[in-house]
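A quick write-up on the structure given underneath.
What's counted below: heavy atoms across the whole structure, side chains too, no hydrogens, waters or symmetry copies.
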Amino acid sequence: MRRMGIGLQMYTLRDETAQDFRGTLRKVAELGYEGVEFAGYGDIPAEEMKALLQELGLQAIGSHVGLHLLRENLQKEIDYLKTIGAKYMMCPYVAPEDRESTEDWVNLFAFLEEAGAEARKQGLIFGYHNHDFEFKHHVGESFVFDAMYEATPPEAVQVEMDVCWVQFAGQDPLAYIPKYAGRLPLLHLKDFSKDEQGNMKTLELGQGTVNLPAVIQAASDAGTEWLIVEQDVCQNPPLQSIGNSMAWLKQNYLNQF
């Protein structure tokens with residue numbers, strides 16, 4: 001198995017960063033995370049963020065950049081990521097009003113390709129992060145998830161697969177990961193169970209139903225660079241939850257290296 005980087009999606013700590021962004025990053029580094037994927041920057045200027053990350057020994061993996069921000073000022077987002085030394089820019093979500101029809105999706109695919117081509121031209125790698133709705137609708141004969149990557153070239157749009165949402169949608173992550181080998185640089189490593197109403201309950205790694213060891217092996221085989229921990233909602237204080245997930249990774253993955 002290859003050694004992949006261990007990152008954290010900072011959305012997990014959104015309440016903490018709202019109170020103290022710099023101090024929260026410091027705690028992430030202390031827990032042993034090697035990189036961070038942002039979801040907003042707490043109004044910290046790019047040069048200051050770059051210096052802070054260097055001080056803490058954290059790699060800026062990239063950022064989730066909302067579709068509205070990509071449309072409003074793509075260059076601003078590219079410039080920030082380049083300044084902090086990040087490599088990846090990911091579209092994290094498509095709001096319901098932006099995906100009401102097949103035509104909406106086809107237009108979105110074209111926009112993502114355009115944004116991704118511009119990002120690539122400037123040295124970044126662009127991609128898309130899924131939820132479950134991409135497996136509930138079709139474009140032609142394909143799930144939206146697959147249609148997106150059929151409609152766009154790999155050099156413009158890469159895959160950031162969230163295995164938790166893939167499995168929640170009724171698909172098998174262990175079938176989907178190899179399908180996108182070579183196009184899957186980032187993987188969201190998450191665990192979950194379902195509540196009595198069938199809703200997703202995101203959990204610390206090793207506490208749910210995802211076959212995480214097999215997922216990690218498949219990601220390694222597929223050429224993934226970063227395993228990114230994210231917990232949408234934490235049952236414990238979020239810093240405790242990401243610490244518990246890191247402890248699981250140390251025991252079940254990092255101890256091999």
Side-chain angles (χ1 to χ4, degrees), residues 7-16 37 39 64 66-67 90-102 104-105 108-109 127-150 159-180 184 186-219 222 224 227-249 252-253:
L8 177 73
Q9 167 47 254
M10 292 297 293
Y11 177 76
T12 309
L13 302 178
R14 55 198 176 276
D15 294 336
E16 287 72 17
E37 182 181 42
H64 278 190
L67 189 55
M90 295 290 157
C91 176
Y93 183 70
V94 181
E97 61 269 22
D98 291 324
R99 49 179 164 92
E100 293 178 343
S101 67
T102 296
D104 286 343
W105 279 115
L108 179 67
F109 298 165
Y128 179 83
H129 165 272
N130 67 282
H131 289 76
D132 61 338
F133 55 80
E134 297 89 350
F135 297 94
K136 293 181 177 179
H137 304 282
H138 288 77
V139 173
E141 297 297 312
S142 301
F143 286 131
V144 163
F145 183 96
D146 299 300
M148 176 181 298
Y149 301 114
E150 292 163 3
V159 183
E160 180 177 48
M161 191 181 298
D162 187 310
V163 296
C164 191
W165 283 115
V166 171
Q167 184 167 318
F168 182 75
Q171 304 304 311
D172 182 3
L174 298 179
Y176 259 88
I177 291 170
K179 186 174 180 179
Y180 289 95
L184 179 58
L186 307 181
L187 184 132
H188 271 207
L189 194 66
K190 296 163 68 174
D191 213 346
F192 79 100
S193 63
K194 293 182 180 179
D195 65 18
E196 292 176 357
Q197 288 74 43
N199 298 314
M200 179 189 288
K201 181 179 179 182
T202 53
L203 300 169
E204 295 158 9
L205 297 183
Q207 300 298 311
T209 60
V210 178
N211 186 349
L212 295 172
V215 163
I216 292 171
Q217 181 63 62
T224 298
L227 302 172
I228 300 176
V229 173
E230 181 186 31
Q231 198 167 339
D232 301 47
V233 179
C234 300
Q235 281 66 48
N236 289 311
L239 282 164
Q240 180 183 336
S241 284
I242 68 164
N244 290 342
S245 288
M246 175 55 80
W248 186 92
L249 280 163
N252 294 279
Y253 171 59

*Would you please indicate yes or no on a ring centroid separation below 6.0 angstrom for F145 and Y128?*
no
*Closest heavy-atom contact between L184 and A222?*
CD2-CB, 4.5 Å
*Verdict with reasoning, E150 to S142, per side-chain hydrogen bond (donor to acceptor under 3.5 Å, both in side chains)*: CA-CA 9 Å; E150 292 163 3; S142 301; 3.1 Å; yes
*side-chain contact (heavy atoms from CB on, under 4.5 Å) assessment of L212 paired with Y253*: CA-CA 10 Å; L212 295 172; Y253 171 59; over 6 Å; no
*asked:* Around atom CD of Q197, are there more than 12 heavy atoms from other residues, nucleotides or ligands closer than 6.0 Å?
replied: yes
*When you measure from the side chain of T202 to the backbone N and O of V233, does any donor-acceptor pair fall under 3.5 Å?*
yes
*Between atom CE of M200 and atom CG of D195, what is the distance when rounded to the nearest 0.5 Å?*
11.0 Å
_F135 ring center within less than 6.0 Å of F168 ring center_ = no
_Results of side chain to side chain donor-acceptor pair (under 3.5 Å) for N211 - residues two or more places apart only_ = none
_How close do V163 and L189 get, counting heavy atoms only, and between which atoms?_
CG2-CA, 4.5 Å
*Minimal non-hydrogen separation, Q9 against I228, with atom names*: N-CG2, 3.4 Å
*Quick one: does D191's side chain have a donor or acceptor within less than 3.5 Å of a partner on L205's backbone?*
no
_Step-by-step side-chain contact (heavy atoms from CB on, under 4.5 Å) determination, L186 to V159_ = CA-CA 7 Å; L186 307 181; V159 183; over 6 Å; no
*Among all residues two or more places apart in sequence or in another chain, which pass the side chain to side chain donor-acceptor pair (under 3.5 Å) test with T209?*
Q167
*Is the closest side-chain heavy-atom distance between K201 and K194 below 4.5 Å?*
no
*Test item: M161 and V166 side chains (from C-beta on) under 4.5 Å apart, heavy atoms*: yes
*Any salt bridge (Lys or Arg N to Asp or Glu O under 4.0 Å) involving residues 131-146? Give me the pairs, sequence neighbours left out, ordered by first then second residue.*
D132-K136, D146-K179
*For A147 and V139, work out which heavy atoms get closest and say how close.*
CB-CB, 3.7 Å
*Taking side-chain contact (heavy atoms from CB on, under 4.5 Å) as the test, write out the residues that go with D15, two or more places apart.*
none
_Near-ring test Y149/F109, centroid separation under 6.0 angstrom_ = no
_Can you tell me how far apart CG (L227) and CD1 (I216) are? Round to the nearest 0.5 Å._
6.0 Å
*Please assess Y93 against H131 for the test side-chain contact (heavy atoms from CB on, under 4.5 Å), listing each intermediate value before the final yes or no.*
CA-CA 7 Å; Y93 183 70; H131 289 76; 3.6 Å; yes
*Output every pair passing salt bridge (Lys or Arg N to Asp or Glu O under 4.0 Å) with a member in residues 230-241, not counting sequence neighbours, ordered by first then second residue.*
K190-E230, K190-D232
*Between atom SG of C91 and atom CG of N130, what is the distance when rounded to the nearest 0.5 Å?*
11.5 Å
*Taking atom types as modelled and ignoring hydrogens, do the side chains of H129 and D162 form a donor-acceptor contact shorter than 3.5 angstrom?*
yes
*Pairing residues for E160 by the side chain to side chain donor-acceptor pair (under 3.5 Å) criterion, not counting sequence neighbours*: H64, H188
_Between V94 and W105, is there a side-chain heavy-atom distance shorter than 4.5 Å?_
yes
*From CA spacing to verdict: side-chain contact (heavy atoms from CB on, under 4.5 Å), E37, M90*: CA-CA 10 Å; E37 182 181 42; M90 295 290 157; 3.9 Å; yes
_Side-chain heavy-atom pair P238, E16 within 4.5 angstrom cut-off_ = yes
*Measuring from M246:CE to S241:OG, what's the distance to the nearest 0.5 Å?*
13.5 Å
*Are F143 and H137 close enough that their ring centers fall under 6.0 Å?*
no
*Within the distance-only criterion (no hydrogens, no angle test), does the side chain of D104 pair as donor or acceptor with the backbone N or O of S101 below 3.5 angstrom?*
yes
